[in-house]
Amino acid sequence: MPDASGKLDRRRLESRLDELVREHRFTIAVVFPLVGAVTLVASAEGWLPDPLAYNPLFVLFGVLVMRLPLVAGVLPLVGRRAAASLGLLTLYAYGIELVGVRTGWPYGYFEYEVPLGPMLFGEVPVALPVFFFPLVLNAYLLMLLLLGSRARSRAIRLLVTVAAVVAIDLVLDPGAVAVDFWEYAAHPDGVGGYYGVPASNYVGWVLSATVAVVAFDVAFARDGLLARLGDCEFMLDDMVSFVLLWGSINALYGNWIPVVLAAGFGVGLLATDRFDFSVGDSALVRAVQR
């Protein structure tokens, strides 16, 4: 009986989370990233007072909200194997980030300019998995949809997903450097490299993307993910948020290659009907229309 009760409680939680995300899709996927882009740019340009500029609680809260669609989508698929795989990946993420900050390997020398919430040993965000895992999982899910039957080949889906994750970082890092999230010692003035990001960073991302993609491939059955994607129309809304947030920031700073890449991910989402939700279904829109 306790086991049955526990499973019932989990199903209720999953169902409530699904309802919450569906009710607020527009707010989560569109409003939050656009507000985030404005406040990050305002922080970088010194337009906000100190208590509000780069406020770590505000940043972390915004990220957690934007992650809700992905969390709600994946949660019913998390069993013991997935939990173990995610636990090992978490240890890897903290370990490689600490090594990177302290030694410059494998990403190149960099340091966080602002605290992204509580910092582990004062060097690495405690919420690092919240920032890193969704980037990889969003790419993995999108590639499953775009590849179709070709995704049955493990080699193809892993190689294509690793390439997609690196492309995501080609969008993320220039935007993050532009708003002073972190800085690479090789380019302290933001010049040289790729919009102030050294090539070594992307070599490191190939390594970490490969580890993470393999971990997710082990954690989740492809058929289960595809079935959940079919039932859960909002599962890639976090990718929508990524395109809007970092595409907007890069556009404001004239980082046009990242803008084009972000637009490419937007086209991929459109091709899978992942922008196909009515804003009229949003609680926020209904409230404004009254």
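In this text the structure is predicted, and so the values were computed from the model without any measurement.
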Exercise. Under the side chain to side chain contact (heavy atoms under 4.5 Å, CB included) criterion, do Val30 and Phe26 qualify, and how do the steps go?
Worked result: CA-CA 5 Å; Val30 178; Phe26 182 74; 3.8 Å; yes
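- No single ILVMFWY cluster, assembled from side-chain heavy atoms under 4.5 Å apart, contains both Leu57 and Leu52.
- One finds the CZ atom of Phe242 at 6.0 Å from the CG atom of Leu135 (value rounded to the nearest 0.5 Å).
- When side chains are defined from C-beta on, Val78 counts as touching Arg10, because their heavy atoms get closer than 4.5 Å.
- There is a side-chain donor-acceptor pair under 3.5 Å between Tyr140 and Asp217.
- Here the CG atom belonging to Asp180 is positioned 10.5 Å from the CG atom belonging to Leu40, to the nearest 0.5 angstrom.
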For this session: For side-chain hydrogen bond (donor to acceptor under 3.5 Å, both in side chains), just list the numbers for Thr103 and Tyr109, CA-CA rounded to whole Å, side-chain angles, deciding distance to a tenth of an Å, and then say yes or no.
Result: CA-CA 7 Å; Thr103 71; Tyr109 285 98; over 6 Å; no
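- In the hydrophobic cluster analysis, where Ile, Leu, Val, Met, Phe, Trp and Tyr join through side-chain heavy atoms closer than 4.5 angstrom, Val203 is grouped apart from Trp182.
- Among residues two or more places apart in sequence or in another chain, the side-chain hydrogen bond (donor to acceptor under 3.5 Å, both in side chains) test is passed with Asp18 by Arg228.
- With Tyr195 contributing its side chain and Asn255 its backbone, the two residues share no donor-acceptor pair below 3.5 Å.
- Considering CG of Leu70 and CZ of Phe234, their distance stands at 10.0 Å, rounded to 0.5 Å.
- Atom CZ of residue Phe131 and atom CG of residue Leu116 lie 4.5 Å apart, to the nearest 0.5 angstrom.
- To the nearest 0.5 angstrom, Thr272 atom OG1 is 10.5 Å from Leu141 atom CG.
- Although no hydrogens or angles enter the test, the distance criterion places no donor-acceptor pair under 3.5 Å between the side chain of Asn201 and the main chain of Val197.
- Scanning all heavy atoms of the two residues, the minimum distance from Ser200 to Gly108 falls at OG-CA, 3.4 Å.
- Considering only heavy atoms from C-beta on, Thr210 stays 4.5 Å or farther from Leu158 through its side chain.
- Closest approach of Leu146 and Ala271 over heavy atoms only: CD2-CB, 4.2 Å.
- Under the side-chain contact (heavy atoms from CB on, under 4.5 Å) criterion, Pro118 pairs with Leu60, Val126, sequence neighbours left out.
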For this session: Start with the C-alpha gap between Leu20 and Glu23, add the side-chain angles, then the distance that decides, and say whether side chain to side chain contact (heavy atoms under 4.5 Å, CB included) holds.
Result: CA-CA 5 Å; Leu20 176 68; Glu23 180 72 6; 5.8 Å; no
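- Hydrophobic clustering (ILVMFWY, side-chain heavy atoms < 4.5 Å, transitive): Val35 and Ile28 are in one cluster.
- The aromatic rings of Phe110 and Tyr184 sit tilted, their planes meeting at an angle between 30° and 60°.
- Using a distance-only test at 3.5 Å, with no hydrogens or angles considered, a donor-acceptor pair links the side chain of Arg81 to the main chain of Val218.
- Using a 4.5 Å heavy-atom cutoff, the side chains of Pro33 and Trp246 are not in contact.
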Indicate every side-chain donor-acceptor pair of residues 42-51 with a distance under 3.5 Å to a residue at least two apart or in another chain.
{"unit_1": "Ser43", "atom_1": "OG", "unit_2": "Thr39", "atom_2": "O", "d": "2.8"}
{"unit_1": "Ser43", "atom_1": "OG", "unit_2": "Tyr54", "atom_2": "N", "d": "3.1"}
{"unit_1": "Glu45", "atom_1": "OE2", "unit_2": "Tyr253", "atom_2": "OH", "d": "2.8"}

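- More than 12 heavy-atom neighbours from other residues, nucleotides or ligands sit within 6.0 angstrom of CZ on Arg222.
- Of all the heavy atoms in Arg157 and Arg152, the pair that sits closest is NH1-O, 3.4 Å.
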For this session: Show your working on side chain to side chain contact (heavy atoms under 4.5 Å, CB included) between Leu64 and Phe61 and close with a plain yes or no.
Result: CA-CA 5 Å; Leu64 289 172; Phe61 175 73; 5.7 Å; no
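- Here the side chains of Ile96 and Pro106 are in contact, with some heavy-atom distance below 4.5 Å.
- Cluster annotation: Val38 is not connected to Leu245 through the hydrophobic network of ILVMFWY side chains, with a link wherever side-chain heavy atoms come within less than 4.5 Å.
- Taking the six-membered ring for Trp and the full ring otherwise, Phe132 and Trp205 have centroids separated by under 6.0 Å.
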Exercise. Can you check side-chain hydrogen bond (donor to acceptor under 3.5 Å, both in side chains) on Tyr202 and Asp173, steps first, answer last?
Worked result: CA-CA 10 Å; Tyr202 297 103; Asp173 254 309; 4.7 Å; no
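- Nearest heavy atoms, Ala72 versus Val21: CB-CG2, 4.1 Å.
- Looking at every heavy atom in both residues, Pro56 comes nearest to Pro115 through CB-O, 3.5 Å.
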For this session: Show the numbers, then the answer: is there a side chain to side chain contact (heavy atoms under 4.5 Å, CB included) between Val59 and Asn55?
Result: CA-CA 6 Å; Val59 170; Asn55 186 292; 5.8 Å; no
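- Within the 3.5 Å criterion, the main-chain N or O of Val171 finds a donor-acceptor partner in the side chain of Asn250.
- Between Phe220 and Phe216, the ring-plane angle classifies as parallel under the 30° and 60° cut-offs.
- Leu172 and Trp256 fall into different hydrophobic clusters, where Ile, Leu, Val, Met, Phe, Trp and Tyr are joined by side-chain heavy atoms under 4.5 Å apart, directly or via other members.
- Of the options Glu111, Glu123, Glu97, a salt bridge (charged side-chain N to carboxylate O under 4.0 Å, His left out) to Arg102 is made by Glu123 and by none of the others.
- A heavy-atom distance below 4.5 Å is found between the side chains of Phe265 and Met239.
- Rounded to the nearest 0.5 Å, atoms CG (Leu13) and CG (Leu75) are 6.0 Å apart.
- Shortest non-hydrogen contact noted between Met66 and Ser241 is SD-CB, 3.7 Å.
- Between the Arg150 side chain and the Ile156 main chain, no donor and acceptor come within less than 3.5 Å of each other.
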